[in-house]
Amino acid sequence: MSRKEKRPSWEAYFMNITELVAQRSTCTRRAVGSIVVKDKRILSTGYNGAPSGVRHCLDVGCLRESLNIPSGERHELCRGIHAEQNAIIQAAYHGVSVKDATLFCTNLPCSICAKMIINAGIKTIYYKSGYADQMSSEMFQEAGVTVIQYESRTEGGDT
């Protein structure tokens with residue numbers, strides 16, 4: 001196999017980076033990573049975890065887990081910020097527009113994140129795994145956001 005055939009596509013490249021970002025997560029239930037990309041350039045990254053200066057769930061435990069709350073429900077009982085939220089907040093914090101950008105995420109965004117993504121002007125989402133929140137898919141469709149489930153490929157990449 002030639003080097004060109006081993007070279008990852010842009011989607012594979014960005015999804016691999018997204019998975020690396022997820023490794024910084026401090027959530028005890030699910031490690032999620034997200035990056036915002038425009039014109040083949042990374043604008044911002046985010047992972048799920050407590051806000052800056054607040055103790056992490058790794059340190060204090062997970063309230064949702066102790067209350068047996070299913071995934072996708074009662075988001076307000078989580079001390080963490082979702083990866084997509086952190087990526088959008090980091091872009092805003094540094095004065096970077098995400099309008100017309102693409103978001104890569106390890107999981108399909110929840111309905112709360114969907115609202116932020118839509119209002120931020122992000123136009124395309126690549127995600128790897130699903131998430132138990134049907135409302136987000138409905139909102140993305142209504143808002144005209146393209147949502148693509150990423151599947152690993154072995155094909156060579158483009159330039």
Review point. Roughly how far apart are E142 CD and M135 CE, rounded to 0.5 Å?
Key: 11.0 Å
**Study point:** Considering all heavy atoms, the nearest M139-S111 contact
**Key:** CE-O, 3.3 Å
**Study point:** Trace of the side-chain contact (heavy atoms from CB on, under 4.5 Å) decision for N86 with N48
**Key:** CA-CA 7 Å; N86 263 330; N48 57 330; 6.0 Å; no
Exercise for review: Quick one: sort the F104 and Y126 rings into parallel, tilted or perpendicular, breaks at 30° and 60°.
Suggested key: parallel
Point to revise | Heavy atoms of other groups near Q141 CD, more than 12 under 6.0 Å | key: no
Review point. If you measure from CG on L103 to OG on S34, what distance do you get to the nearest 0.5 Å?
Key: 3.5 Å
Check your understanding: Is a donor on one side and an acceptor on the other found under 3.5 Å between the side chain of R79 and the backbone of L63?
Key -> no
Practice item. Supply the atom-to-atom distance T102 OG1 to K40 NZ, rounded to the nearest 0.5 angstrom. Key: 11.5 Å
Point to revise | Between NZ on residue K99 and CG on residue N119, distance to nearest 0.5 Å | key: 13.0 Å
Check your understanding: Any chain of hydrophobic side-chain contacts (each under 4.5 Å) joining V32 to Y150?
Key -> no
**Study point:** Polar side-chain atom of Q149 near backbone of Y127 as donor-acceptor pair, under 3.5 Å
**Key:** no
Study note, to complete from the structure: Nearest heavy-atom contact between T18 and G33 is CG2-O, 3.1 Å
Point to revise | SG-CD distance between C110 and E84, expressed to the nearest 0.5 angstrom | key: 6.5 Å
Review point. Closest heavy-atom contact between L108 and S136?
Key: CD2-OG, 4.1 Å
Point to revise | S25 side-chain N/O to Y47 backbone N/O, donor-acceptor pair under 3.5 Å | key: no
**Study point:** Nearest atoms (heavy-atom pairs only) where G49 meets T26
**Key:** CA-OG1, 3.2 Å
Practice item. Evaluate the side-chain contact (heavy atoms from CB on, under 4.5 Å) criterion for residues H82 and M116: first the C-alpha distance (whole Å), next the side-chain angles of each, then the deciding distance (0.1 Å), finally the verdict. Key: CA-CA 11 Å; H82 287 188; M116 292 180 68; over 6 Å; no
Check your understanding: How far apart are the C-alpha atoms of I88 and Q85, what are their side-chain angles, what is the distance that settles it, and do they pass the side-chain contact (heavy atoms from CB on, under 4.5 Å) test?
Key -> CA-CA 5 Å; I88 292 169; Q85 295 168 344; 6.0 Å; no
Check your understanding: What orientation do F14 and W10 show, parallel under 30°, tilted 30 to 60°, or perpendicular over 60°?
Key -> parallel
Check your understanding: Do L43 and I118 belong together in a cluster built from hydrophobic side chains that touch within less than 4.5 Å?
Key -> yes
**Study point:** Hphob cluster co-occupancy, V147 + V98, side-chain heavy atoms under 4.5 angstrom
**Key:** yes
Check your understanding: What is the distance from atom CD1 of I117 to atom NZ of K123, rounded to the nearest 0.5 Å?
Key -> 12.5 Å
Check your understanding: Looking at R64 and R74, what are the two nearest heavy atoms and their distance?
Key -> NH1-O, 2.9 Å
Exercise for review: List the steps and the verdict of side-chain contact (heavy atoms from CB on, under 4.5 Å) for I122 and V145.
Suggested key: CA-CA 7 Å; I122 292 171; V145 175; 5.6 Å; no
**Study point:** Verify same cluster id: F140, V36 (apolar side-chain graph, 4.5 Å)
**Key:** yes
Practice item. Count the heavy atoms belonging to other residues, nucleotides or ligands that lie under 6.0 Å from CG of D59, then report whether that count exceeds 12. Key: yes
Exercise for review: Give the cluster check for M15 versus I148: same hydrophobic cluster or not, with ILVMFWY residues linked at side-chain heavy-atom distances below 4.5 Å.
Suggested key: yes
Practice item. Of all the heavy-atom pairs spanning T45 and Q90, show the shortest one and how long it is. Key: O-CG, 3.9 Å
